[in-house]
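Please read these numbers as outputs of a predicted model, since none were measured by experiment. Just so you know, residue 1 is the first one in the sequence shown, and it goes up from there.
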Amino acid sequence: MTDKKWTFCTAPMMDWTDRHCRFFHRVLSRRARLYTEMVTSGAIMFGDRERLLGFDGSEHPVALQLGGSDPLELARAAEIGAGFGYDEINLNCGCPSDRVQSGRFGACLMAEPELVGKCVAAMKSAVGGQIPVTVKNRIGIDEQDSEADLTRFIETVAAAGCEIFIVHARKAWLKGLSPRENRDVPPLDYDRVYRLKAAFPELTIVINGGIETIEQSAMHLERVDGVMLGRAAYKNPALLLEVDAALYDETAAPLLPHEALERMLPFIERELERGTRLSAIARHMIGLVNGRPGARQFRRLLTEECVKPGAGLDIIHAAIEAARRAEEAPSLAA
(Lines give C-alpha, C1' and ligand atoms only; values in the text may rest on other atoms or scores of the structure.)
Protein backbone atom coordinates (compact mmCIF):
# COMPACT_ATOMS: atom_id res chain seq x y z
CA MET A 1 0.00 0.00 0.00
CA THR A 2 1.26 3.50 -0.84
CA ASP A 3 2.39 5.52 2.17
CA LYS A 4 -0.15 8.34 2.48
CA LYS A 5 1.44 10.24 5.36
CA TRP A 6 2.18 13.30 3.23
CA THR A 7 -0.81 13.05 0.88
CA PHE A 8 -2.38 16.20 2.32
CA CYS A 9 -0.76 18.81 4.57
CA THR A 10 -1.70 22.25 5.84
CA ALA A 11 1.09 24.79 5.51
CA PRO A 12 3.01 26.48 8.31
CA MET A 13 1.98 30.15 8.32
CA MET A 14 3.37 32.79 10.64
CA ASP A 15 0.75 34.21 13.02
CA TRP A 16 -1.89 31.84 11.63
CA THR A 17 -1.20 28.17 12.36
CA ASP A 18 -0.98 28.44 16.13
CA ARG A 19 -2.20 25.69 18.45
CA HIS A 20 -5.80 26.96 18.39
CA CYS A 21 -5.83 26.84 14.60
CA ARG A 22 -4.31 23.36 14.54
CA PHE A 23 -6.84 21.98 17.03
CA PHE A 24 -9.65 23.34 14.86
CA HIS A 25 -8.15 21.90 11.68
CA ARG A 26 -7.76 18.53 13.36
CA VAL A 27 -11.47 18.54 14.18
CA LEU A 28 -12.14 19.07 10.47
CA SER A 29 -9.78 16.33 9.25
CA ARG A 30 -8.38 13.33 11.12
CA ARG A 31 -5.78 12.59 8.45
CA ALA A 32 -4.31 15.91 7.26
CA ARG A 33 -0.75 16.51 8.46
CA LEU A 34 -0.58 19.79 10.36
CA TYR A 35 2.41 22.13 10.65
CA THR A 36 3.28 24.68 13.30
CA GLU A 37 4.23 28.23 12.63
CA MET A 38 7.95 28.57 12.03
CA VAL A 39 9.81 28.66 15.35
CA THR A 40 13.43 29.80 15.33
CA SER A 41 16.05 27.58 16.87
CA GLY A 42 17.21 30.52 18.97
CA ALA A 43 13.74 31.02 20.44
CA ILE A 44 13.65 27.37 21.46
CA MET A 45 17.11 27.57 23.00
CA PHE A 46 16.39 30.65 25.08
CA GLY A 47 12.61 31.13 25.17
CA ASP A 48 9.54 29.69 26.88
CA ARG A 49 9.51 26.22 25.37
CA GLU A 50 6.11 25.21 26.67
CA ARG A 51 4.53 28.28 25.11
CA LEU A 52 6.42 27.85 21.84
CA LEU A 53 6.15 24.08 21.46
CA GLY A 54 3.25 22.86 23.57
CA PHE A 55 0.39 21.26 21.66
CA ASP A 56 -2.69 19.14 22.27
CA GLY A 57 -2.24 15.41 21.78
CA SER A 58 -5.18 15.34 19.39
CA GLU A 59 -3.17 17.33 16.85
CA HIS A 60 -1.16 14.29 15.66
CA PRO A 61 0.18 13.96 13.05
CA VAL A 62 1.80 17.35 13.62
CA ALA A 63 5.14 18.69 12.43
CA LEU A 64 7.37 21.33 13.97
CA GLN A 65 8.87 23.79 11.50
CA LEU A 66 12.20 25.27 12.53
CA GLY A 67 14.02 28.34 11.27
CA GLY A 68 17.75 28.66 11.61
CA SER A 69 21.11 28.06 9.97
CA ASP A 70 23.41 26.91 12.78
CA PRO A 71 23.71 23.10 12.63
CA LEU A 72 24.43 22.67 16.33
CA GLU A 73 21.60 24.97 17.42
CA LEU A 74 19.16 23.35 14.99
CA ALA A 75 20.20 19.91 16.20
CA ARG A 76 19.43 20.87 19.79
CA ALA A 77 16.10 22.45 18.77
CA ALA A 78 15.17 19.32 16.81
CA GLU A 79 16.02 17.13 19.79
CA ILE A 80 13.85 19.28 22.04
CA GLY A 81 11.01 19.20 19.49
CA ALA A 82 11.22 15.42 19.28
CA GLY A 83 11.05 15.31 23.06
CA PHE A 84 7.79 17.25 22.93
CA GLY A 85 6.36 14.51 20.73
CA TYR A 86 6.29 16.04 17.26
CA ASP A 87 5.92 13.61 14.35
CA GLU A 88 8.31 15.46 12.03
CA ILE A 89 10.89 18.24 12.15
CA ASN A 90 10.82 20.53 9.11
CA LEU A 91 13.54 23.04 8.17
CA ASN A 92 12.28 26.23 6.55
CA CYS A 93 14.19 27.07 3.37
CA GLY A 94 11.32 28.86 1.70
CA CYS A 95 10.21 31.93 3.68
CA PRO A 96 11.19 35.16 1.86
CA SER A 97 10.58 37.75 4.60
CA ASP A 98 13.21 40.39 5.38
CA ARG A 99 13.12 39.42 9.04
CA VAL A 100 13.96 35.84 8.16
CA GLN A 101 16.74 36.80 5.75
CA SER A 102 18.40 39.01 8.36
CA GLY A 103 18.67 35.93 10.56
CA ARG A 104 20.19 33.92 7.69
CA PHE A 105 17.41 31.41 7.38
CA GLY A 106 14.38 30.82 5.20
CA ALA A 107 14.59 31.05 1.40
CA CYS A 108 18.04 32.63 1.41
CA LEU A 109 19.41 29.22 2.49
CA MET A 110 18.73 27.91 -0.99
CA ALA A 111 21.92 29.73 -1.98
CA GLU A 112 23.83 27.53 0.48
CA PRO A 113 22.85 23.90 -0.14
CA GLU A 114 25.97 22.57 1.58
CA LEU A 115 25.04 24.44 4.77
CA VAL A 116 21.48 23.12 4.56
CA GLY A 117 22.91 19.62 4.19
CA LYS A 118 24.99 20.09 7.34
CA CYS A 119 21.92 21.32 9.21
CA VAL A 120 19.83 18.35 8.06
CA ALA A 121 22.56 15.85 8.97
CA ALA A 122 22.91 17.36 12.44
CA MET A 123 19.14 17.37 13.01
CA LYS A 124 18.77 13.77 11.85
CA SER A 125 21.55 12.68 14.18
CA ALA A 126 19.93 14.56 17.07
CA VAL A 127 16.55 12.86 16.67
CA GLY A 128 18.16 9.46 16.20
CA GLY A 129 16.10 8.49 13.18
CA GLN A 130 12.94 8.31 15.29
CA ILE A 131 11.10 10.92 13.24
CA PRO A 132 11.74 12.35 9.76
CA VAL A 133 13.65 15.56 9.16
CA THR A 134 12.21 17.32 6.11
CA VAL A 135 12.86 20.51 4.14
CA LYS A 136 10.44 23.10 2.74
CA ASN A 137 11.91 25.10 -0.13
CA ARG A 138 11.14 27.16 -3.22
CA ILE A 139 12.00 26.20 -6.81
CA GLY A 140 14.62 28.96 -6.82
CA ILE A 141 15.64 32.40 -5.58
CA ASP A 142 16.60 35.59 -7.40
CA GLU A 143 18.97 34.77 -10.28
CA GLN A 144 19.62 31.30 -8.90
CA ASP A 145 16.50 29.75 -10.36
CA SER A 146 17.52 27.35 -13.12
CA GLU A 147 16.48 23.73 -13.10
CA ALA A 148 20.14 22.86 -12.54
CA ASP A 149 20.24 25.06 -9.42
CA LEU A 150 17.19 23.31 -7.98
CA THR A 151 18.60 19.89 -8.83
CA ARG A 152 21.88 20.72 -7.12
CA PHE A 153 20.05 21.88 -4.00
CA ILE A 154 17.94 18.71 -3.82
CA GLU A 155 20.90 16.41 -4.57
CA THR A 156 23.08 18.03 -1.92
CA VAL A 157 20.45 18.03 0.82
CA ALA A 158 19.25 14.52 -0.05
CA ALA A 159 22.84 13.27 0.22
CA ALA A 160 22.83 14.58 3.80
CA GLY A 161 19.86 12.35 4.59
CA CYS A 162 16.72 14.33 3.72
CA GLU A 163 14.16 12.12 1.97
CA ILE A 164 11.14 14.45 2.01
CA PHE A 165 10.94 17.85 0.32
CA ILE A 166 7.94 20.19 0.36
CA VAL A 167 8.38 22.37 -2.71
CA HIS A 168 6.62 25.70 -3.16
CA ALA A 169 6.26 25.89 -6.93
CA ARG A 170 7.32 29.54 -7.19
CA LYS A 171 10.74 31.12 -7.03
CA ALA A 172 11.30 33.80 -4.38
CA TRP A 173 12.62 37.24 -5.24
CA LEU A 174 14.54 38.18 -2.11
CA LYS A 175 15.53 41.50 -3.67
CA GLY A 176 12.70 43.59 -5.03
CA LEU A 177 9.51 41.87 -3.84
CA SER A 178 7.80 41.98 -0.46
CA PRO A 179 6.88 38.75 1.33
CA ARG A 180 3.25 39.37 0.33
CA GLU A 181 4.20 39.85 -3.32
CA ASN A 182 6.32 36.69 -3.20
CA ARG A 183 3.13 34.72 -2.50
CA ASP A 184 1.53 35.76 -5.79
CA VAL A 185 3.80 37.60 -8.23
CA PRO A 186 6.36 34.95 -9.23
CA PRO A 187 4.58 32.57 -11.60
CA LEU A 188 3.74 29.05 -10.54
CA ASP A 189 5.67 26.27 -12.24
CA TYR A 190 4.07 22.99 -11.27
CA ASP A 191 5.76 21.19 -14.16
CA ARG A 192 9.15 21.84 -12.61
CA VAL A 193 8.02 20.08 -9.43
CA TYR A 194 6.65 17.20 -11.48
CA ARG A 195 10.02 16.90 -13.25
CA LEU A 196 11.76 16.97 -9.89
CA LYS A 197 9.72 13.98 -8.75
CA ALA A 198 10.48 12.16 -12.02
CA ALA A 199 14.20 12.84 -11.56
CA PHE A 200 14.19 11.70 -7.92
CA PRO A 201 11.60 8.91 -7.71
CA GLU A 202 13.11 7.66 -4.46
CA LEU A 203 12.32 10.94 -2.69
CA THR A 204 8.97 12.05 -1.29
CA ILE A 205 8.01 15.26 -3.09
CA VAL A 206 5.11 17.35 -1.77
CA ILE A 207 3.84 20.24 -3.91
CA ASN A 208 2.74 23.61 -2.50
CA GLY A 209 1.59 26.93 -3.91
CA GLY A 210 -1.67 28.19 -5.41
CA ILE A 211 -3.65 25.00 -4.76
CA GLU A 212 -7.21 25.88 -3.77
CA THR A 213 -9.44 22.81 -3.96
CA ILE A 214 -9.53 19.10 -3.21
CA GLU A 215 -10.05 18.46 -6.92
CA GLN A 216 -6.83 20.29 -7.74
CA SER A 217 -5.09 18.35 -4.97
CA ALA A 218 -6.19 15.04 -6.47
CA MET A 219 -4.86 16.12 -9.86
CA HIS A 220 -1.42 16.93 -8.41
CA LEU A 221 -1.35 13.61 -6.56
CA GLU A 222 -1.21 11.86 -9.91
CA ARG A 223 2.29 13.32 -10.35
CA VAL A 224 3.73 13.84 -6.85
CA ASP A 225 3.50 12.26 -3.40
CA GLY A 226 1.61 14.93 -1.52
CA VAL A 227 0.01 18.37 -1.59
CA MET A 228 0.21 21.20 0.92
CA LEU A 229 -2.46 23.90 1.15
CA GLY A 230 -1.94 27.14 3.00
CA ARG A 231 -4.16 30.17 2.63
CA ALA A 232 -6.93 28.23 0.85
CA ALA A 233 -7.32 25.84 3.79
CA TYR A 234 -7.18 28.70 6.27
CA LYS A 235 -9.61 31.03 4.54
CA ASN A 236 -12.01 28.27 3.51
CA PRO A 237 -11.55 25.67 6.27
CA ALA A 238 -14.67 23.73 5.21
CA LEU A 239 -12.63 22.18 2.41
CA LEU A 240 -10.73 20.25 5.11
CA LEU A 241 -13.99 18.43 5.80
CA GLU A 242 -13.58 16.76 2.39
CA VAL A 243 -9.99 15.57 2.82
CA ASP A 244 -10.43 12.26 4.62
CA ALA A 245 -13.05 10.82 2.27
CA ALA A 246 -11.65 12.24 -0.97
CA LEU A 247 -7.93 11.63 -0.46
CA TYR A 248 -7.69 8.92 2.21
CA ASP A 249 -10.70 6.80 1.25
CA GLU A 250 -12.31 7.19 4.66
CA THR A 251 -15.87 5.86 4.73
CA ALA A 252 -17.22 7.90 7.63
CA ALA A 253 -19.47 10.77 6.58
CA PRO A 254 -17.73 14.18 6.87
CA LEU A 255 -18.84 16.46 9.65
CA LEU A 256 -21.12 19.34 8.84
CA PRO A 257 -19.74 22.76 9.80
CA HIS A 258 -22.08 23.15 12.78
CA GLU A 259 -21.04 19.69 14.03
CA ALA A 260 -17.37 20.70 13.83
CA LEU A 261 -18.13 23.78 15.94
CA GLU A 262 -19.94 21.63 18.49
CA ARG A 263 -16.83 19.49 18.80
CA MET A 264 -14.81 22.64 19.50
CA LEU A 265 -16.91 23.53 22.55
CA PRO A 266 -14.98 21.54 25.22
CA PHE A 267 -11.66 22.86 23.94
CA ILE A 268 -12.93 26.45 23.91
CA GLU A 269 -14.34 26.08 27.41
CA ARG A 270 -10.99 24.80 28.72
CA GLU A 271 -9.13 27.62 27.02
CA LEU A 272 -11.46 30.27 28.39
CA GLU A 273 -10.92 28.88 31.88
CA ARG A 274 -7.16 29.24 31.30
CA GLY A 275 -7.63 32.91 30.44
CA THR A 276 -7.44 32.64 26.65
CA ARG A 277 -9.44 35.31 24.84
CA LEU A 278 -12.29 33.90 22.77
CA SER A 279 -11.18 35.95 19.76
CA ALA A 280 -7.80 34.16 19.75
CA ILE A 281 -9.62 30.92 18.94
CA ALA A 282 -12.60 32.19 16.94
CA ARG A 283 -10.45 34.09 14.42
CA HIS A 284 -9.43 30.78 12.87
CA MET A 285 -13.05 29.71 12.27
CA ILE A 286 -14.33 32.82 10.48
CA GLY A 287 -14.37 31.31 6.99
CA LEU A 288 -16.11 28.06 7.88
CA VAL A 289 -19.37 28.79 6.03
CA ASN A 290 -18.04 31.04 3.29
CA GLY A 291 -20.08 30.84 0.10
CA ARG A 292 -23.44 30.29 1.79
CA PRO A 293 -26.28 32.63 2.76
CA GLY A 294 -25.72 33.79 6.29
CA ALA A 295 -21.93 33.74 6.05
CA ARG A 296 -21.76 37.46 6.81
CA GLN A 297 -23.73 37.03 10.03
CA PHE A 298 -21.53 34.09 10.97
CA ARG A 299 -18.37 36.13 10.36
CA ARG A 300 -19.77 39.04 12.35
CA LEU A 301 -20.39 36.81 15.36
CA LEU A 302 -16.81 35.56 15.27
CA THR A 303 -15.25 38.97 14.75
CA GLU A 304 -17.26 41.78 16.33
CA GLU A 305 -18.88 39.81 19.18
CA CYS A 306 -15.87 37.71 20.17
CA VAL A 307 -13.70 40.74 20.94
CA LYS A 308 -16.13 42.20 23.46
CA PRO A 309 -15.27 41.98 27.16
CA GLY A 310 -16.58 38.79 28.72
CA ALA A 311 -17.19 37.09 25.37
CA GLY A 312 -17.97 33.44 26.05
CA LEU A 313 -19.54 30.22 24.85
CA ASP A 314 -22.91 31.85 24.17
CA ILE A 315 -21.37 33.44 21.08
CA ILE A 316 -20.13 30.06 19.85
CA HIS A 317 -23.59 28.57 20.41
CA ALA A 318 -25.03 31.42 18.33
CA ALA A 319 -22.40 30.72 15.64
CA ILE A 320 -23.41 27.04 15.66
CA GLU A 321 -27.00 28.00 14.93
CA ALA A 322 -25.88 30.41 12.21
CA ALA A 323 -23.81 27.64 10.63
CA ARG A 324 -26.76 25.25 10.80
CA ARG A 325 -28.99 27.75 9.00
CA ALA A 326 -26.30 28.33 6.38
CA GLU A 327 -26.05 24.59 5.72
CA GLU A 328 -29.78 24.34 5.12
CA ALA A 329 -29.83 27.21 2.61
CA PRO A 330 -28.97 26.77 -1.09
CA SER A 331 -25.29 27.44 -1.72
CA LEU A 332 -24.38 30.80 -3.27
CA ALA A 333 -21.72 33.50 -2.97
CA ALA A 334 -22.17 35.37 0.28
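One N or O on the side chain of R26 and one on the backbone of E59 form a donor-acceptor pair closer than 3.5 Å. Within the 3.5 Å criterion, the main-chain N or O of K235 finds a donor-acceptor partner in the side chain of N290. With R299 contributing its side chain and G287 its backbone, the two residues share no donor-acceptor pair below 3.5 Å. With D225 contributing its side chain and I205 its backbone, the two residues share a donor-acceptor pair below 3.5 Å. With D70 contributing its side chain and L72 its backbone, the two residues share a donor-acceptor pair below 3.5 Å. Counting only distance, with no hydrogens or angles, the side chain of E88 and the backbone of P132 share no donor-acceptor pair below 3.5 Å. A side-chain donor-acceptor contact under 3.5 Å links Q144 to the backbone of M110. In terms of modelled atom types and a separation under 3.5 Å, the side chain of K197 and the main chain of I207 share no donor-acceptor contact. E259 places a side-chain N or O within 3.5 Å of a backbone atom of L256 that can act as its donor or acceptor partner. Side-chain atoms of Q216 come within 3.5 Å of backbone atoms of E212 as a donor-acceptor pair (strictly under, hydrogens ignored).
Side-chain atoms of I315 and L278, non-hydrogen and from C-beta on, do get closer than 4.5 Å to each other. Contact of the P96 side chain with the R138 side chain is registered, since non-hydrogen atoms from C-beta on lie closer than 4.5 Å. Here the side chains of R31 and F8 are not in contact, with every heavy-atom distance at 4.5 Å or above. Looking at heavy atoms from C-beta onward, E215 lies in side-chain contact with E242 at the 4.5 angstrom threshold. Between H20 and F23, the closest side-chain pair of non-hydrogen atoms is not below 4.5 Å.
Salt-bridge check for E79 with R76: passed, with a basic side-chain N closer than 4.0 Å to an acidic carboxylate O. A salt bridge links K308 with E305: the distance from a Lys NZ or Arg NE/NH1/NH2 to an Asp or Glu carboxylate oxygen falls below 4.0 Å. Taking a cutoff of 4.0 Å between a charged side-chain nitrogen and a carboxylate oxygen, R292 and E327 do not qualify as a salt bridge. Looking at E321 and R324, a side-chain N of the basic residue comes within less than 4.0 Å of a carboxylate O on the acidic one, giving a salt bridge. Using a 4.0 Å cut-off between charged side-chain N and carboxylate O, K5 and D87 make no salt bridge. Checked for salt-bridge contact, E114 and R152 meet the test: a charged N lies under 4.0 Å from a carboxylate O. Salt bridge absent: K124 and E163 never bring a charged side-chain N and a carboxylate O closer than 4.0 Å. Salt bridge R283/D18: present, at least one basic N to carboxylate O contact under 4.0 Å.
If you take CG on L150 and CG on D145, they are separated by 10.0 Å, rounding to the nearest 0.5 Å. Note that the CG atom of L52 and the OG1 atom of T36 stand 10.0 Å from one another [nearest 0.5 Å].
For the pair E73 and M45, the tightest heavy-atom approach, listed with the atom from each and the gap, is CG-CG, 3.5 Å. Pairing each heavy atom of L261 with each of A319, the nearest pair is CD1-O, 4.0 Å. Between T17 and R22 the shortest heavy-atom distance is O-NH1, 3.0 Å. Here the shortest heavy-atom pairing between L66 and A78 reads CD1-N, 3.9 Å.
Classification of the H284-Y234 ring pair by plane angle, with boundaries at 30° and 60°, yields perpendicular. Between Y86 and F55, the two ring planes are tilted [angle within 30° to 60°].
Counted within 6.0 Å of NZ on K118, heavy atoms from surrounding residues, nucleotides or ligands total 12 or fewer; the atom is thus considered open. Counting heavy atoms of neighbouring residues, nucleotides and ligands inside a 6.0 Å radius, atom CD of E112 exceeds 12 of them.
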> Which is it for Y35 and K136 under the side chain to side chain contact (heavy atoms under 4.5 Å, CB included) test, yes or no, and what are the steps along the way?
Replying inline: CA-CA 11 Å; Y35 284 73; K136 188 173 190 295; over 6 Å; no
> How far apart are the C-alpha atoms of D142 and W173, what are their side-chain angles, what is the distance that settles it, and do they pass the side chain to side chain contact (heavy atoms under 4.5 Å, CB included) test?
Replying inline: CA-CA 5 Å; D142 296 332; W173 280 106; 3.5 Å; yes
>> With side chain to side chain contact (heavy atoms under 4.5 Å, CB included) as the criterion, how do I214 and V243 come out once you've worked through the C-alpha distance, each side chain's angles and the decisive distance to 0.1 Å?
In response: CA-CA 7 Å; I214 298 302; V243 167; 3.6 Å; yes
>> Does I131 form a side chain to side chain contact (heavy atoms under 4.5 Å, CB included) with I89? I'd like the steps, not just the answer.
In response: CA-CA 7 Å; I131 57 174; I89 306 294; 3.6 Å; yes
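Sorted by first and then second residue, the side-chain hydrogen bond (donor to acceptor under 3.5 Å, both in side chains) pairs involving residues 45-57 (not counting sequence neighbours) are D56-S58.
In the model, N92 has a side-chain atom that pairs as donor or acceptor with a side-chain atom of Q65 under 3.5 Å. For the residue pair R274 and T276, no side-chain donor N or O sits within less than 3.5 Å of a side-chain acceptor on the partner.
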